[in-house]
Amino acid sequence: MEYTSQNIVYHDNRVTRADRHQLNQHKSFVLWLTGLSGSGKSTVSVELEKVLHDRGVRSYVIDGDNLRHGLNADLGFKPEDRKENIRRVGEVSKLFVDAGLVVLAAFISPYTEDRENVRNLFEPGEFVEIFVKCPVEVCIKRDPKGLYEKAIRGEITNFTGISAPYEEPVNPELILDTNKNSFHDCINIVVDYLLIKNLI
Ligand SMILES: Nc1ncnc2c1ncn2[C@@H]1O[C@H](COP(=O)(O)OS(=O)(=O)O)[C@@H](OP(=O)(O)O)[C@H]1O
Ligand SMILES: Nc1ncnc2c1ncn2[C@@H]1O[C@H](COP(=O)(O)OP(=O)(O)O)[C@@H](O)[C@H]1O
């Protein structure tokens with residue numbers, strides 16, 4: 001696919017990002033949760049959003065299962081489809097961050113290069129990569145959607161951790177070990193980080 005911005009002029013808004021931060025009384029940024037299927041991305045992001053919301057933070061969760069029903073319904077799970085999936089999610093996240101929201105993006109996002117491309121869309125400090133870490137054996141035992149069982153039987157191809165790779169983040173801002181920590185502990189780790197970094 002070829003992308004071009006030729007003959008397209010970028011318009012500046014009169015309401016700036018700083019104006020939106022002032023109105024909301026907090027900064028906007030993206031919390032990017034990456035990890036295997038069943039590692040806990042959705043559970044953590046949904047519970048974390050509730051905690052942030054209760055603290056007066058304007059937020060929005062986007063995740064793979066939901067976006068793949070709509071905006072990304074044309075994409076599958078081959079490497080090039082995942083790349084395009086993550087590119088679009090990155091651009092959507094950027095719009096939401098520009099709109100003043102805290103975005104919680106929960107995507108397997110298995111390729112380092114695709115995650116780094118998203119990071120590069122943001123200012124330093126605005127992209128917080130959170131590795132939701134869990135051994136694949138434990139994810140297979142959890143199998144909340146029965147997908148691992150199907151993948152092992154060969155009924156789903158290109159399944160991350162079984163028949164497709166997952167490249168672990170090299171230097172993420174945070175690691176949540178969901179095999180050792182309860183999801184309450186995981187949420188506290190993120191909230192503490194956001195407070196220390198003065199993001200909320
Ligand atoms: N082949 C294959 N591999 C991995 N996952 C699969 C596959 N087929 C379907 N699913 C379901 O799709 C969800 C992952 O979508 P993502 O958009 O997060 O994937 S990716 O970031 O583009 O790799 C994933 O959701 P989570 O379990 O929440 O991670 C699965 O429910
Ligand atoms: N510390 C934890 N954090 C998140 N999920 C956990 C944790 N411990 C156990 N789980 C369980 O693991 C499963 C994770 O599923 P889910 O959140 O859908 O993962 P993902 O979105 O990464 O596919 C859920 O059934 C959840 O209850």
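Both ligands and their constituent atoms are indexed starting at 1 by order of listing.
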*Take Ser37 and Ile108, measure what side chain to side chain contact (heavy atoms under 4.5 Å, CB included) needs, and give me the verdict at the end.*
CA-CA 7 Å; Ser37 177; Ile108 296 178; 4.2 Å; yes
* To do: Begin from the C-alpha positions of Glu113 and Glu167 and carry the test side chain to side chain contact (heavy atoms under 4.5 Å, CB included) through to its verdict.
  => CA-CA 9 Å; Glu113 188 187 18; Glu167 298 172 2; 5.9 Å; no
Contact region, Asn85 to ligand 1, non-hydrogen atoms below 4.0 Å, reads side chain
Taking only non-hydrogen atoms of Pro144 and a 4.0 Å limit, the atoms of ligand 2 in range are 15 (O)
Think Arg115 forms a cation-pi with Phe127, using NZ or CZ under 6.0 Å from the six-ring centre and within 45 degrees of its axis?
no
For Ile86, the ligand 1 atoms with a heavy-atom partner under 4.0 Å come out as 21 (O)
In ligand 1, the atoms that come under 4.0 Å of a heavy atom of Asn158 are 1 (N), 2 (C), 3 (N)
* **contact_flag Ser109 ligand 1 heavy-atom lt 4.0 Å** => yes
Quick check: does Ile108 get an N/O under 3.5 Å from an N/O on ligand 1? yes
Atom 23 (O) of ligand 2 has as its nearest protein heavy atom Gly38 N, 2.7 Å
So is Leu36 close enough to ligand 1, meaning a heavy atom under 4.0 angstrom away? no
Short version for Asn181: what comes under 4.0 Å of ligand 2, heavy atoms counted, is backbone
Looking only at distances, please establish whether an N/O atom of ligand 2 is found under 3.5 Å from an N/O atom of Gly40. yes
Assess Leu176 for proximity to ligand 2: is some non-hydrogen atom of it under 4.0 Å away?
-> no
Decide whether His53 and Ser59 meet the rule of one side-chain donor and one side-chain acceptor closer than 3.5 Å. no
Looking only at non-hydrogen atoms, the one of Arg142, Lys41, Lys141 nearest atom 6 (C) of ligand 2 is Arg142
If we only consider heavy atoms of Ser39, is any one of them less than 4.0 Å away from an atom in ligand 2? yes
| task | Give a yes or no on whether the backbone of Gly35 and the side-chain of Lys41 come within a donor-acceptor separation of less than 3.5 Å. | result | yes
Please confirm whether Ser182 comes under 4.0 Å of ligand 2, counting heavy atoms of the residue only. yes
Closest to atom 9 (C) of ligand 1 by heavy-atom distance, out of Phe77, Tyr166, Phe159, Tyr148, is Phe77
_Tell me whether Thr43 has any N or O atom under 3.5 angstrom from an N or O of ligand 2._
yes
So for Leu75 against ligand 1, with non-hydrogen atoms under 4.0 Å, the contacting part is neither
Ranked by distance from atom 3 (N) of ligand 2, the top protein heavy atom is Phe183 CB, 3.3 Å
Under 3.5 Å: donor-acceptor pair, side chain of Asn188, backbone of Asp185:
no
For Cys186, is at least one N or O under 3.5 Å away from an N or O on ligand 2?
no
heavy-atom search around atom 21 (O) of ligand 2 in the protein gives Ser42 OG, 2.6 Å
Counting from 1 in the order shown, the ligand 2 atoms closer than 4.0 Å to a non-hydrogen atom of Ser37 are 23 (O)
re atom 2 (C) of ligand 2, the protein heavy-atom contact at minimum distance is Thr178 CB, 3.6 Å
Quick note on ligand 2: atoms under 4.0 Å from a heavy atom of Leu36 include exactly 22 (O)
